[in-house]
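Okay, so here's the structure we're looking at.
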Amino acid sequence: MDSFMMLLEGFSTALQPVYLLYALGGVFVGTAVGVLPGIGPAMTVALLMPITYALDPAAALIVFAGIYYGGMYGGSTTSILLNTPGESSSIVTALEGNKMAKAGRGAAALATAAIGSFVAGTIATVLLTFLAPVVAELAVGLGPVDYVALMIVAFLTVGALLGASVLRGLASLALGLFIGMIGIDDSTAQQRFTFDNPTLVDGVDMVLVAVGLFALGEALYVASKLRHGPVEVIPVSKGKNAWLSKEDWKRSWKPWLRGTFIGFPIGTVPAGGADVSTFLSYAAERKLAKGQNKAQFGKGAIEGVAGPEAANNAAAAGVLVPLLTLGIPTTATAAMMLTAFQRYQIQPGPLLFENQGALVWTLIASLYVGNLMLLVLNLPLVGLWVKILQIPRPYLYAGILVFAALGAFSVNFAAADVGILLIVGILGYFMRRYGYPVAPMVVAMILGPMFEVQLRRSLQLSQNDPTALFSSPFAVVVYISMALIFVGSWWLRRRQAALEAAPVKDELSV
């Protein structure tokens with residue numbers, strides 16, 4: 001009941017006219033940028049973060065809620081009409097959605113993606129509303145040893161499970177830990193890895209790393225692979241095929257619900273995220289389909305769009321559970337959200353609901369509002385998103401580089417920050433070029449200093465006895481869960497490889 005009353009107070013703030021405009025602007029801009037080819041939600045949040053610096057905390061969080069959900073949905077439009085997923089979780093949408101678009105059913109694919117996103121986002125936000133306070137209450141009793149265990153799990157699962165290579169993921173993780181330790185040591189007040197450069201005394205700002213990796217590095221990588229000539233965007237048909245038919249509704253509503261309840265719990269697990277949930281949802285729909293519907297998989301089955309898109313958005317809400325209650329980001333986009341919190345001196349964790357309750361509940365209420373606005377905006381504005389997709393690529397990526405540089409300069413209004421942005425951007429380009437995932441680096445950079453503090457505190461309390469790190473029953477359960485996660489991920493990777501290969505076999509057999 002307390003949660004419900006606090007949610008109502010959050011709505012009283014989020015529904016104020018000025019905040020509704022902020023939410024609308026966040027959803028619109030987030031979707032518009034997320035629609036652009038090669039730009040995922042993490043890059044969307046990183047690129048648009050500087051525009052919120054002049055806002056008050058409540059307005060900034062409302063804008064970010066809109067950008068977050070808008071960026072998640074924008075990738076589906078690119079996947080369906082351009083067959084260019086902005087992130088790995090949109091790959092499954094491209095498998096079936098693009099086939100539907102080529103068959104003249106692009107509007108139906110976009111409609112089931114939009115409605116599925118709304119259904120899943122709403123249900124998942126309800127689950128977040130009632131689950132997050134419970135997790136926060138349990139987390140209050142956790143000690144330093146327990147947090148060390150949680151962060152080790154986050155490091156290892158994010159580093160090992162994201163990307164095609166475990167070693168490359170762990171190398172990216174180590175690089176992030178190194179960058180996170182640059183600056184002043186909190187315990188000894190000594191400079192570390194600054195190389196006597198006064199610019200690095202305060203450390204490397206997370207915004208510079210985020211914008212450098214996700215905006216500059218990604219733009220350089222995508223631009224280096226641009227094909228010459230105009231971009232071929234599949235047009236959206238009008239008339240009788242421009243909306244969901246009765247049969248489409250019948251085939252979509254169950255996948256929407258199944259995708260929601262697959263995506264949300266997986267999103268709450270460290271390194272679960274949307275990638276695993278979308279492939280798992282697709283596998284479930286393919287297995288449950290019967291007769292003619294099953295034969296359409298690999299050729300444009302609407303269930304293959306409805307289920308994964310629902311799972312994608314449900315996982316996005318699920319990711320907020322460990323972020324808000326434990327202060328642990330489990331995806332690159334969540335890491336960007338944590339950076340946005342920290343810009344306003346807000347530290348997510350067990351005490352967040354007590355210390356910043358009004359802001360948190362305003363954020364949760366704005367997720368409901370933003371989700372509804374997302375549906376209202378995207379159904380009639382499909383034609384506008386198609387026009388955005390046709391922006392010439394040189395103009396598009398030149399604009400991204402300009403906004404990235406302006407955003408980096410606006411952090412501290414220092415020219416040296418633009419130089420750091422360039423260095424990180426070039427590093428991000430080579431990481432993408434040689435298959436090193438950037439998400440582990442970002443998560444490690446954020447969690448690294450927190451992990452160091454908790455580890456030192458644990459060892460001080462135990463008089464430097466390392467076995468004390470395994471003395472807590474909660475920590476033991478966490479380590480066992482980590483082992484299960486790795487076993488489960490191995491099985492899911494095999495399933496994912498089989499699913500990715502299946503459409504190719506279907507095409508060859510036609």
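For clarity, every value in this text was computed on a predicted model and none was experimentally measured. Computed over heavy atoms, backbone and side chain alike; hydrogens, waters and symmetry mates excluded.
Side chain of S281 to main chain of T278: no donor-acceptor pair is present (N/O by atom type, distance under 3.5 Å, no hydrogens or angles). Counting only distance, with no hydrogens or angles, the side chain of S462 and the backbone of D465 share a donor-acceptor pair below 3.5 Å. For the pair S172 (side chain) and R168 (backbone), a donor-acceptor distance under 3.5 Å is absent.
Summarising the geometry of V443 relative to F155, their closest heavy-atom pair is O-CE2, 4.4 Å, with the distance given to 0.1 Å. A pairwise comparison of heavy atoms in A120 and A310 identifies CB-O, 3.1 Å as the closest pair. Shown here for L374 and G70, the closest heavy-atom pair between the two residues is CD1-CA, 3.7 Å. Nearest heavy-atom pair across A65 and S366 is CB-OG, 3.4 Å. Nearest approach of V145 to S458, heavy atoms of both residues: N-OG, 3.3 Å. Between Y147 and P350 the shortest heavy-atom distance is OH-CG, 2.6 Å.
One distance of note links OG1 of T339 with CG of L208; it measures 11.0 Å at 0.5 Å rounding. For the atom pair OG of S117 and CG of N312, the computed distance is 7.0 Å after rounding to the nearest 0.5 Å. Annotation: the span from E309 atom CD to T93 atom OG1 amounts to 3.5 Å, rounded to 0.5 Å. For the atom pair CG of L323 and OG1 of T268, the computed distance is 13.0 Å after rounding to the nearest 0.5 Å. In this structure, the separation between CD1 on I62 and CD on Q16 is 8.0 Å, given to the nearest 0.5 Å. For the atom pair N355 CG and I346 CD1, the distance stands at 11.0 Å (nearest 0.5 Å).
A heavy-atom distance below 4.5 Å is found between the side chains of L338 and P348. Looking at L359 and L61, their side chains come closer than 4.5 Å, going by heavy atoms from C-beta outward. At least one side-chain heavy atom of R258 sits less than 4.5 Å from a side-chain heavy atom of L288. Side-chain contact between Y68 and L320 is present, with at least one heavy-atom pair separated by less than 4.5 Å. Considering only heavy atoms from C-beta on, E285 stays 4.5 Å or farther from K254 through its side chain. Between P144 and L461 there is a side-chain heavy-atom pair separated by less than 4.5 Å. The closest side-chain heavy-atom distance from T129 to W361 is below 4.5 Å. Residues L363 and F341 form a side-chain contact, since some pair of their non-hydrogen atoms from C-beta on lies under 4.5 Å apart.
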Exercise. Which is it for L216 and L421 under the side chain to side chain contact (heavy atoms under 4.5 Å, CB included) test, yes or no, and what are the steps along the way?
Worked result: CA-CA 8 Å; L216 185 58; L421 174 77; 4.1 Å; yes
Problem set entry | Verdict with reasoning, L213 to V442, per side chain to side chain contact (heavy atoms under 4.5 Å, CB included) | CA-CA 9 Å; L213 288 177; V442 175; 3.6 Å; yes
Problem set entry | Trace of the side chain to side chain contact (heavy atoms under 4.5 Å, CB included) decision for Y19 with T362 | CA-CA 10 Å; Y19 288 141; T362 298; 5.9 Å; no
For this session: Any chance you could lay out the side chain to side chain contact (heavy atoms under 4.5 Å, CB included) test for Y479 and I152, step after step, and finish with the verdict?
Result: CA-CA 9 Å; Y479 291 130; I152 288 177; 3.6 Å; yes
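S472 and D146 share a side-chain donor-acceptor pair at under 3.5 Å. Side-chain contact annotation: S12 with E9, donor-acceptor N/O pair under 3.5 Å absent.
Tested against T122 for a side-chain hydrogen bond (donor to acceptor under 3.5 Å, both in side chains), the candidates T260, N371, N313 yield a single pass: N371. With Y368 as the partner, the ring pair (Phe, Tyr, Trp, His ring centres under 6.0 Å) test is satisfied by one option alone out of Y69, F11, F118: F11. The side-chain contact (heavy atoms from CB on, under 4.5 Å) with M441 is formed by just one residue from the set L177, I179, L173; it is I179.
Ion pairing between a basic and an acidic side chain is recognised when a charged N comes within 4.0 Å of a carboxylate O; R192 and E452 show such pairing.
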